[in-house]
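To keep things clear, I will list the structure first and then write my remarks on it.
All values below come from the heavy atoms of this structure, side chains included, with hydrogens, waters and symmetry mates left out. Quick caveat: nothing in here was measured; it's all calculated off a predicted structure. All chains are named by letter (A, B, ...) in the order of the sequence lines, taking the proteins before the strands, and each is independently numbered beginning at 1.
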Protein chains: 2
Amino acid sequence: MARLGVESIRRQQLIDATLKVIEEHGFQGATIGKIAGASELSVGIVSHYFGGKQGLLEAAMRYLLSSLQQDVTTLMAKRPNAPRERLMAIVDANFSGAQTNAQSAKTWLAFWTQAMHSPDLMRLQRVNERRLLSNLMFHLRRLMPIEQARATAQTIAALIDGFWLRAAMSEGRIEPNQAVALCKTYIDQAIHANNGAK
Amino acid sequence: MARLGVESIRRQQLIDATLKVIEEHGFQGATIGKIAGASELSVGIVSHYFGGKQGLLEAAMRYLLSSLQQDVTTLMAKRPNAPRERLMAIVDANFSGAQTNAQSAKTWLAFWTQAMHSPDLMRLQRVNERRLLSNLMFHLRRLMPIEQARATAQTIAALIDGFWLRAAMSEGRIEPNQAVALCKTYIDQAIHANNGAK
DNA sequence: TTCAATAAATTGAATATTCATTCAAGAAAG
DNA sequence: CTTTCTTGAATGAATATTCAATTTATTGAA
């Protein structure tokens with residue numbers, strides 16, 4: 001028997017290499033050859049562990065999504081349990097840590113594009129989106145009537161996506177702090193505008 | 001000599017076919033063969049008029065960008081020359097007419113992804129983005145102090161992009177009316193929040 | 001008007017390239 | 001010495017590009 005855990009090590013090696021190559025060459029330029037090179041493994045190993053290129057790409061996206069989800073729950077746990085604070089934590093998490101640089105924004109955009117033509121990736125994307133929305137709704141419900149909460153949740157979600165997209169297009173010159181600040185300003189405006197209507 | 005204007009007719013034929021094929025098969029699936037088929041021309045004609053596939057794709061994106069720009073100026077011209085009205089017109093234009101359906105949102109997303117790896121397309125994208133921002137700023141400046149105007153302009157731009165992105169991901173179930181309504185609600189909130197500080 | 005002569009436009013089979021996948025052989029671990 | 005892991009050359013499929021041949025349009029002389 002080979003060393004225990006080789007499989008999970010190799011899988012992660014390949015996923016890391018995949019993300020790196022997509023960052024560098026885009027989704028189109030991410031060939032098995034380049035990925036194998038970046039991982040210092042051979043091309044054959046991909047089908048051995050992931051069945052093929054598509055399987056590797058889906059695993060890589062799953063990894064990105066779960067990283068984001070982990071950032072969210074970690075950051076949320078550290079904040080006071082007040083609705084406004086929790087909302088701010090959600091925003092912070094979505095622009096935090098490993099997530100925030102133009103490179104990883106490009107990777108996200110690439111996956112989004114890909115997701116439109118892969119039911120599996122699309123499903124993953126939807127699950128995450130619904131989680132974000134229901135998360136936002138949960139806290140907004142405590143601050144405003146349900147209709148306004150719904151609208152505000154949609155708007156916050158769109159804002160987050162929009163800033164991400166702009167980050168991807170801005171060639172390294174992303175200012176996560178600015179995006180976070182603008183999102184927070186919006187949230188306070190929305191709370192203020194709908195306050196008292198509760 | 002051949003009939004005058006054949007060149008521009010053929011170019012448009014190919015661009016239309018390109019957009020149609022991308023809508024239908026995605027960016028990856030948009031092969032020269034399919035595009036030629038959809039345009040009822042031969043594959044050879046592409047390199048004759050555009051030098052190659054890349055040239056055709058760039059021309060198609062140029063066409064989309066200029067269509068959007070035209071929608072904006074057309075709609076703006078019809079509205080009263082009041083700052084708030086003009087802002088609303090900008091939002092309307094960005095979700096109007098030929099622009100608004102999940103298919104064309106997918107096409108946009110595909111081009112954005114592509115633009116990240118093509119300096120030429122990136123430059124085009126930037127020009128358009130700067131035009132949108134300065135357009136927004138021009139009117140916001142009349143409603144609030146410059147710092148708030150800057151922040152609001154960034155937020156509106158991000159909102160527009162964000163709703164587009166969500167439209168692209170939402171598999172045909174896009175509600176442009178809802179996106180427009182939410183953008184407008186935000187604008188009014190922002191005006192209200194920063195009013196009097198003028 | 002008709003008819004070559006010429007130029008422009010168009011075709012699509014042939015070619016070249018790129019790349020995912022396969023798998024027989026070999027290396028490494030236990 | 002058996003099992004697992006890994007390699008990478010060979011294969012085949014997909015597709016962009018090329019270009020010689022063909023078609024179509026234009027011109028102007030008869």
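- Atom CZ of A/Arg11 and atom C1' of D/dT6 are 16 Å apart (whole Å).
- B/Lys53 places its NZ atom 14 Å from the P atom of C/dT18, with the value rounded to the nearest Å.
- Annotation: proximity of residues 54-62 of chain B to DNA chain C (heavy atom, distance under 4.0 Å) is found for no residue.
- B/Asp16 pairs by the salt bridge (Lys or Arg N to Asp or Glu O under 4.0 Å) definition with nothing, not counting sequence neighbours.
- Atom-to-atom, NE2 of A/His25 to C1' of C/dC19 comes out at 15 Å; the value is rounded to the nearest Å.
- Partners of B/Leu56 by side chain to side chain contact (heavy atoms under 4.5 Å, CB included), not counting sequence neighbours, listed by chain and number: B/Leu14, B/Ile15, B/Thr18, B/Ile35, B/Val46, B/Phe50.
- For the pair B/Gln28 CD and C/dA20 P, the interatomic distance rounds to 11 Å; values are reported in whole Å.
- Interface residues of residues 32-52 of chain B facing DNA chain D, ordered by number: B/Ile32, B/Ser47, B/Gly52; criterion, heavy-atom separation under 4.0 Å.
- For the side chain to side chain contact (heavy atoms under 4.5 Å, CB included) test, residues two or more places apart in sequence or in another chain that qualify with A/Val180 are A/Val91, A/Asp92, A/Phe95, A/Lys184.
- One interatomic measurement links the two molecules: CD1 of B/Ile9 to C1' of C/dA9, which rounds to 13 Å at whole-angstrom precision.
- Cation-pi geometry between A/Arg141 and A/Phe138 is not met: the NZ or CZ atom fails to fall both under 6.0 Å from the ring centre and inside 45° of the normal.
- The salt bridge (Lys or Arg N to Asp or Glu O under 4.0 Å) check on B/Arg86 picks up nothing, with sequence neighbours excluded.
- Pairs of residues two or more places apart, or lying in two chains, never qualify as salt bridge (charged side-chain N to carboxylate O under 4.0 Å, His left out) while including a residue from residues 32-55 of chain A.
- For B/Arg10, a side-chain nitrogen or oxygen approaches OP1 or OP2 of C/dT10 to under 4.0 Å.
- Following rounding to the nearest Å, B/Glu7 (CD) and C/dT10 (C1') show an atom-to-atom distance of 14 Å.
- For the side chain to side chain contact (heavy atoms under 4.5 Å, CB included) test, residues two or more places apart in sequence or in another chain that qualify with A/Arg123 are A/Arg62, A/Asp120.
- With sequence neighbours excluded, the residues forming a side chain to side chain contact (heavy atoms under 4.5 Å, CB included) with A/Gln54 are A/Leu57, A/Glu58, A/Gln114, A/Ser118, listed by chain and number.
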